[in-house]
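Structure record follows, encoded as structure tokens.
Heavy atoms only: backbone and side chains are in, while hydrogens, waters and symmetry mates are out. Here is the naming used below: chain letters follow the sequence lines, and residue numbers restart at 1 for every chain.
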Protein chains: 2
Amino acid sequence: MPHDAPAERFDLERFLPYRLDSLADRISQALARLYETRHDLSVAQWRVLAWLHHREQLTAKQIREATRMDKARVSRAVQALEDRGLIHRRAAREDQRRHELRLSEAGHALLAALVPEARAWEAELVAPLSIAEYRQLFELMDRLEGQLARLES
Amino acid sequence: MPHDAPAERFDLERFLPYRLDSLADRISQALARLYETRHDLSVAQWRVLAWLHHREQLTAKQIREATRMDKARVSRAVQALEDRGLIHRRAAREDQRRHELRLSEAGHALLAALVPEARAWEAELVAPLSIAEYRQLFELMDRLEGQLARLES
DNA sequence: GCGTAATGGTTGCATATGAAACCAAAGGCG
DNA sequence: CGCCTTTGGTTTCATATGCAACCATTACGC
């Protein structure tokens, strides 16, 4: 028998990074189908819209920071949304480099439909968790993000 | 003021799919840097190796099922690993379509180095969680996966 | 104020990925 | 047995994405 037993076997299923990634992937894809097929939105586009819905007015940079998406990805999403008339973009008075983004009327209307859909979908997903467990999950994720930030610095 | 207040504001940060995805992404990327820069492995390749380490012998299909990766992605990862001599591939006796995959000596050697690294990295990440919390996290993920499976069918 | 550096954003390019077409081997089924 | 279907796996093609180069504007040093 070859020397194939490095002490302890390694189970990917119990390896947090893998497990988390595969769960997130599955969820993200399932949800993506929802906005892609029903509203022709990519994930990046949906994120931009959701942030604008939440924060009213933002620049591309702020969105980039909030979502940790690549500059280019944000830029393309913004462009597509503007082309579709879902957002308005206008150069900032004080700094012509920055562009202030906000939802258009059409954008607001779309979100008025989309947000409840997304919420309902999430509710179904987390149905098997109690409120306390749901909160705990977020709490744990918060802690992991904190640690991640620490490790990265 | 435009009709911009659809009852309740929507906070992406507290939307599970988004939150989970962005956390998983960050973790996955950080870890990916580890095997990419130190061992020149892609995530897909790492997963194939890890599964072979865990299960000894598998076909591409089994890996695909286990990891839920695309056929093509698995195929390419396998090919790259074979080219590098990290795995052996051989047609199955009873069914020439299937190819049985197993780690080569070099593959075992690589994993002997890689697995402890991965474990150590994970340990650092979850350092702020207690054992109980760590278990609970997996438990919650298990439940969510179960629900996901139910929703998809 | 003017030349250089920094910054917000866009574009070009190389790569990764998923869907679908495809290929070869096995399984029905007449 | 032949035909048609199914299945494991590969390849092709279109698209998405990240990085880096780039452009325009603002900030800084002198």
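- Between the CD atom of A:Glu36 and the C1' atom of D:dT15 there is a distance of 11 Å, given to the nearest Å.
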Checklist entry - Along nucleotides 5-11 of chain D, 5' to 3', which nucleotides get a B, which get an S, and which get a -, given that the test is a protein heavy-atom distance under 4.0 Å? => result -BBSBBB
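- Looking at residues 38-51 of chain A, you'll see that no heavy atom sits under 4.0 Å from any atom of DNA chain C.
- Here the straight-line distance linking atom CD of B:Glu65 with atom CH2 of B:Trp51 works out to 11.0 Å at 0.5 Å rounding.
- When the C1' atom of C:dA20 is taken as reference, atom CZ of B:Arg73 falls 18 Å away, rounded to whole Å.
- Per the geometry, CD belonging to A:Gln96 stands 23 Å off P belonging to C:dA6, to the nearest Å.
- In this structure, A:Trp46 CH2 and A:Leu81 CG are separated by 12.0 Å, a value rounded to the nearest 0.5 Å.
- The interatomic distance linking B:Arg68 (CZ) with C:dT17 (P) rounds to 18 Å, in whole Å.
- Between B:Arg93 atom CZ and C:dA25 atom C1' the separation is 17 Å, expressed in whole Å.
- One distance of note links CD of B:Glu122 with OH of B:Tyr134; it measures 3.5 Å at 0.5 Å rounding.
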Item to check | Working for side chain to side chain donor-acceptor pair (under 3.5 Å), residues A:Arg150 and A:Gln147 | outcome: CA-CA 5 Å; A:Arg150 236 164 285 129; A:Gln147 179 69 354; 2.5 Å; yes
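- The residues B:Arg47 and A:Asp21 are annotated as salt-bridged, a charged nitrogen and a carboxylate oxygen being separated by less than 4.0 angstrom.
- Atom OH of residue A:Tyr35 and atom CD of residue A:Glu117 lie 11.0 Å apart, to the nearest 0.5 angstrom.
- Side-chain atoms of A:Thr59 do not come within 3.5 Å of backbone N or O of A:Arg98 as any donor-acceptor pair.
- Remark: B:Arg89 engages B:Glu82 in a side-chain hydrogen bond (donor to acceptor under 3.5 Å, both in side chains) (not counting sequence neighbours).
- At whole-Å resolution of the value, CD in B:Glu94 and P in C:dA26 are 10 Å apart.
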